[in-house]
**Q** 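This is the structure I want to talk about, given as structure tokens.
Here is the naming used below: chain letters follow the sequence lines, and residue numbers restart at 1 for every chain.
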Amino acid sequence: CPECATVLANEQVVGGNCWRHEDTPVIQKELEQWFVKTTQYSDELLRDLDNLEGWPEKVRTMQRNWIGRSEGALLDFKIDGPTGRAGDKVTVFTTRIDTIYGATSIQLAPEHPLVADLVGSDPSLLSKIEDLIAEQKKARDQEEVESMEKHGVFTGRYVINPFSQEKMPIWVANYILMGYGTGAIMSVPAHDERDYAFAEKYGIDIKIVVLPRRTSEPPAPGEDEKPMLPYTAEDSMLINSGEFNELSNEDAMKKMTAYAEQHGFGKATTTYRLKDWGISRQRYWGTPIPMLYCEKDGVVPVPESQLPVLLPDNVEVTLQGGSPLGRIPGFVNATCPKCGGAARRETDTMDTFVDSSWYFYRYTSPQANDKPFDTREADYWFPIDQYIGGVEHAILHLIYSRFWTKFMRDISLVHNDEPVTRLFTQGMVIKDGAKMSKNRGNVVSPDDMVARFGADSTRMYALFAAPPDRDLDWQEAGVEGVHRFLGRVYRFVMRNASAALDRSSAQPVTQELSPKVRQVQRKLHQTIKRVTDDFQGRWHFNTCVAAIMEFVNELYAAEDEISAGRFPAPLLADVQRSLVLLLEPFAPYLAAELWETLGEKDTLLRHPWPKYDAALAKEDEIEYAVQVNGKLKARVSVPADSPEDFVREQALADDKVKAALEGKQIAKVIVVAGKLVNIVVR
RNA sequence: GCGGAAGUGGUGGAACUGGCAGACACACCAUCUUGAGGGGGUGGCGCCGAGAGGCGUGGGGGUUCAAAUCCCCCCUUCCGCACCA
């Protein structure tokens, strides 16, 4: 990244740009760098995703795609005619070995090493290939890869198809990537879209070798024998494929791979999109890579007794490229631990993602001075029960830290296979349809809102606006509502706190409650349950807030009971304490203030969460919806726990229901306990 | 192209295992607070319709006594990956 003046890993390039500078295109340079062999764990990283049931499907899928496993075969094609330094054959990777009899050319990436051999003597060809390379680079830089027109150059040379022994022309094409597979493909125009387009353009042979039907099934009468081209489905049968004719394509893949292995020109293989992790960074701030370069002994690791390598102070950061550490002789000059001679210290530092891959393990033993962390402590705490972060780390931090855990397990530092059991990805804050970012200039600081409405209102509004796993389109409208609500709470407590100040209010309520007061009590316990459940289980803080609002509305509706003296002081005190406790996670400042106002002396934070009492939450009467053929006709109230027969009776006795039933015959009556009655009529 | 998520009033969003669609808010309307504005209180507010009633969760089919929710097809939006051979 030119802006960071440092190297980036594959994962840190987002759409051709730097992950930290989203409008700065990365440039490519050849450099010698340190890599961590993440690919060693490709298979395990992929396989274990199936067990991460506490992770969002989206993240698991993104990781699967990123690892990009694909099974296929490597096949050698002998080059016809003189060869050079790159050898006498071309190895291609294919997932469709069954179509090899339909391969009518070989396509090489422009950077393929063989290209130089093949075109060495033809300068006009060479310049055309350089054009292809330049074109690929430009398309990548400008993110126009998909719209780039496919074209290529015939090298004038041929290979021999190891199955059919036919001669196949070798082309160099701009759509072949050196970075995937072997940088060379066998082109099967009849059964691959890109190959088809390419062959059409250059008049390369198109040979159909699979048909869209199964071996056992005869061709349906009137069915077209020839498939629509290109025919890429795999539910098919082989033709024009020598001894493999009439095999289903699964069988053909197995048999042809075995054949290639027996004859020594191919083998089954699995490729991955995941690359090793380049961790060298040309930054001052970073963990030094503890390696030395000795002229005599080569690359020598810094001995454990000399770890950690500490960064020097007073470094000038110039952004000139290369590590700033390289200009500090005191840091660079070292002694070779093997021969005692002069050695040069590695001046690149590690990617920050190295540190973030295991920082949480350090939390388990922050005092450990002679090791990263204590394994026993890590065993006690790990894996992490619940991890929270943005989905933007799905293929960065979250894949690196999984890798790091597996590596540490293999060197016996930890005993867990995965770092995190449950992952929660919170949504992004969107403004005007775009992710908020400094580069876009659409960042809305919460400070203005805090200044106008206070931190409590701002926080609570953010929680109320949407559940936290969803993206939130930030808009100012709405915060007033939350602010008003907190005002309502404040005024209610200010008016009624005196009830709580009388210490005798700790006494249980003995007197008979008026219906309105009983309703408040009931609503209180229903609210405690709703808030507790939504808070613990689903993390739906918006519905928690809504529930508390409903409760406060209920309190306002009962204020006349208070002024009429029909609201027992102990209950009123309990109601207010519970309200403040419920509010505390959402509006901590106001809650603390009200807690004091209620005369409480202990710290609000340490006070136990209010208890839900099922008996007090219970409704005395339940309203049933009465439907006729699924359409709502009436509502009837019955005492809670009424037997089904009674509910049915009451429903059928309702006037509106009777009217709806007139002249109809009742076929069935369904009673859903506590909910509704559905009368099915003919 | 592949994969993921989502589509519910004017708006943000509720409806948790199929059971009263629209909780709670915003906006809007009415009303009270001696006038206006502000603040506060109370009430109204899916659509069509005078009403009875009908319609209604992106569209179309299906399963069911009952569908926002389950199944099939299609459309749209957002996100991720991608000449992946």
**Q** B:U31 pairs with which nucleotide, Watson-Crick or G-U wobble, both distances below 3.5 Å?
**A**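 Check on B:U31: paired to B:G41, both distances under 3.5 Å.
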**Q** Of the listed nucleotides (B:G13, B:C83, B:G19), which one gets closest to any side-chain atom of A:Ala466?
**A**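 Within the option list, the nearest is B:G13.
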**Q** What verdict does the side chain to side chain contact (heavy atoms under 4.5 Å, CB included) test give for A:Arg522 and A:Gln519, after you've listed the backbone C-alpha separation in whole Å, the side-chain angles of each residue and the deciding distance to 0.1 Å?
**A** CA-CA 5 Å; A:Arg522 180 162 44 230; A:Gln519 176 55 25; 2.8 Å; yes
**Q** Closest to the A:Ala465 side chain: B:G12, B:A66, B:A23?
**A**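 Looking only at side-chain atoms, A:Ala465 lies closest to B:G12.
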**Q** Taking the P atom in each of B:C78 and B:G13, what is the distance between them to the nearest angstrom?
**A** 16 Å
**Q** Please determine, for B:U57, whether a Watson-Crick or G-U wobble partner exists with both distances under 3.5 Å, and give it or none.
**A**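 Across all strands, not a single nucleotide pairs with B:U57.
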**Q** What does B:U64 pair with, Watson-Crick or G-U, if both distances are under 3.5 Å?
**A**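 Base partner found: none.
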**Q** Considering only the C1' atoms, how many Å lie between B:A14 and B:A23, rounded to the nearest integer?
**A** 5 Å
**Q** Pick the C1' atom in B:G43 and in B:G37, then give their distance to the nearest Å.
**A** 22 Å
**Q** Classify A:Gly68 by what it touches in the nucleic acid, base, sugar-phosphate, or nothing, heavy-atom distance under 4.0 Å.
**A**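 Here A:Gly68 touches no strand at all.
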**Q** For A:Val681, does its backbone N or O pair with a side-chain atom of A:Gln665 as donor and acceptor, under 3.5 Å?
**A** no
**Q** With a 3.5 Å limit on both atom pairs, tell me what B:A15 is paired to, counting Watson-Crick and G-U wobble, or say none.
**A**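 Pair assignment: B:A15 / none.
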**Q** Donor-acceptor pair, distance only, cut-off 3.5 Å: does the side chain of A:Gln526 make one with the backbone of A:Ala617?
**A** yes
**Q** Only pairs with both distances under 3.5 Å count, Watson-Crick or wobble alike; so what is the partner of B:A50 in this structure?
**A** none
**Q** So what does A:Pro56 hit on the nucleic acid, given a heavy-atom distance under 4.0 Å: a base, only sugar-phosphate, or nothing?
**A**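 Since no nucleic acid heavy atom lies under 4.0 Å of A:Pro56, the category is nothing.
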**Q** Would you say that more than 12 heavy atoms from the other residues, nucleotides or ligands in this model lie under 6.0 Å from the CZ of A:Phe265, or not?
**A**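 Atom CZ in A:Phe265 is packed in, count exceeds 12.
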**Q** Working note: A:Ile206 + A:Tyr196, criterion side chain to side chain contact (heavy atoms under 4.5 Å, CB included); need CA distance, chi angles, decisive distance, verdict.
**A** CA-CA 8 Å; A:Ile206 298 172; A:Tyr196 182 77; 3.9 Å; yes
**Q** With a 4.0 Å cutoff (strictly under), does any side-chain N or O of A:Arg273 reach OP1 or OP2 of B:A85?
**A** no
**Q** Ignoring the backbone of A:Glu550, work out which of B:A23, B:G19, B:A85 is nearest its side chain.
**A** B:A23
**Q** Suppose we define a pair by two distances each less than 3.5 Å, Watson-Crick or G-U wobble; what does B:A5 pair with here?
**A** B:U77
**Q** Using modelled atom types and a 3.5 Å cut-off, is there a donor and acceptor pairing between side-chain atoms of A:Thr38 and backbone atoms of A:Lys275?
**A** yes
**Q** Would A:Lys529 count as a cation-pi partner of A:Tyr612, with NZ or CZ less than 6.0 Å from the six-membered ring centre and within 45° of the ring normal?
**A** yes
**Q** Using the P atom on both, measure B:C83 against B:G7 and round to a whole Å.
**A** 31 Å
**Q** Does any nucleotide pair with B:U69 by Watson-Crick or G-U wobble geometry, both distances under 3.5 Å, and what is it?
**A**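 Here B:U69 is not engaged in any pair, so there is no nucleotide opposite it.
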**Q** Heavy atoms only: give me the nearest A:Lys207-A:Ala190 pair and the separation to one decimal.
**A** O-CB, 3.2 Å
**Q** Nearest to the A:Lys58 side chain among B:C83, B:C79, B:A14, which nucleotide is it?
**A** B:C79
**Q** For A:Arg47, I'd like to know if atom CZ has over 12 heavy atoms of other residues, nucleotides or ligands within 6.0 Å.
**A** yes
**Q** When you get a sec, tell me which of B:C83, B:C24, B:G13 is the closest nucleotide to the side chain of A:Tyr175?
**A**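 Nearest to the side-chain atoms of A:Tyr175, counting from C-beta on, is B:C83.
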**Q** Under 4.0 Å between any heavy atoms, over every strand shown, what does A:Ile176 touch: base, sugar-phosphate, or nothing? Just pick one.
**A** base
**Q** Using the P atoms only, state how far B:A85 lies from B:A67, rounded to an integer number of Å.
**A** 44 Å
**Q** Please determine if A:Arg273 forms a cation-pi arrangement with A:Trp66, meaning its NZ or CZ atom is less than 6.0 Å from the six-membered ring centre and no more than 45° off the ring axis.
**A**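 Verdict for A:Trp66: a cation-pi partner in A:Arg273.
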**Q** If I pick the P atom on B:C72 and the same atom on B:G22, what distance separates them, to the nearest angstrom?
**A**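 The same atom, P, in both gives a distance of 29 Å.
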**Q** Between A:Asn542 and B:A14, does any side-chain N or O lie under 4.0 Å from OP1 or OP2?
**A**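 Answer yes for this pair, as a side-chain N or O of A:Asn542 is under 4.0 Å from OP1 or OP2.
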**Q** At under 4.0 Å between heavy atoms, what does A:Phe464 touch on the DNA or RNA strands: base, sugar-phosphate, or nothing?
**A**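 A:Phe464: base contact, heavy atoms under 4.0 Å.
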**Q** Ignoring hydrogens and geometry, is there a side-chain-to-backbone donor-acceptor pair from A:His397 to A:Phe353 under 3.5 Å?
**A**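 No: the side chain of A:His397 does not pair with the backbone of A:Phe353.
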**Q** CG of A:Leu463 versus P of B:G13: gap in Å, rounded?
**A**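 That distance rounds to 14 Å.
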**Q** Can you list, by residue number, the residues of residues 480-491 of chain A that have a non-hydrogen atom closer than 4.0 angstrom to RNA chain B?
**A**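 A:Gly481, A:Arg484, A:Arg488, A:Arg491, in order of number.
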**Q** Need one value for A:Glu623: base, sugar-phosphate or nothing, where a base atom within 4.0 Å counts as base even if backbone is also close, heavy atoms only.
**A** base
**Q** It should be established whether A:Asn553 places a side-chain nitrogen or oxygen under 4.0 Å from OP1 or OP2 of nucleotide B:U42.
**A**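 Looking at the OP1 and OP2 atoms of B:U42, neither is under 4.0 Å from any side-chain N or O of A:Asn553.
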**Q** Is there a side-chain contact between A:Lys631 and the phosphate of B:G54, meaning an N or O under 4.0 Å from OP1 or OP2?
**A** no
**Q** Can you check whether any acceptor in the base of B:C65 is under 3.5 Å from a donor in the side chain of A:Asn678, or vice versa?
**A**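 Counting by modelled atom types and ignoring angles, a donor-acceptor contact under 3.5 Å is found here.
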**Q** Using the C1' atom as the reference point in each nucleotide, state the distance between B:C32 and B:G38 in Å, no decimals.
**A** 16 Å
**Q** Please pick, from B:G19, B:G13, B:G54, the nucleotide with the shortest atom-to-atom distance to any side-chain atom of A:Pro467.
**A**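 The answer is B:G13.
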**Q** Whether the side chain of A:Lys150 and the base of B:C83 hold a donor-acceptor pair under 3.5 Å is what I'd like checked.
**A**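 Side chain to base: pair present.
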**Q** Any side-chain N or O of A:Arg470 below 4.0 angstrom from OP1/OP2 of B:A6?
**A** no
**Q** Strictly under 3.5 Å: I want the nitrogen or oxygen pairs between protein and nucleotides 43-48 of chain B, one per line.
**A**
none

**Q** Is the backbone of A:Met253 close enough, under 3.5 Å, to the side chain of A:Thr257 for a donor and an acceptor to pair up by distance?
**A**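 Answer holds: yes.
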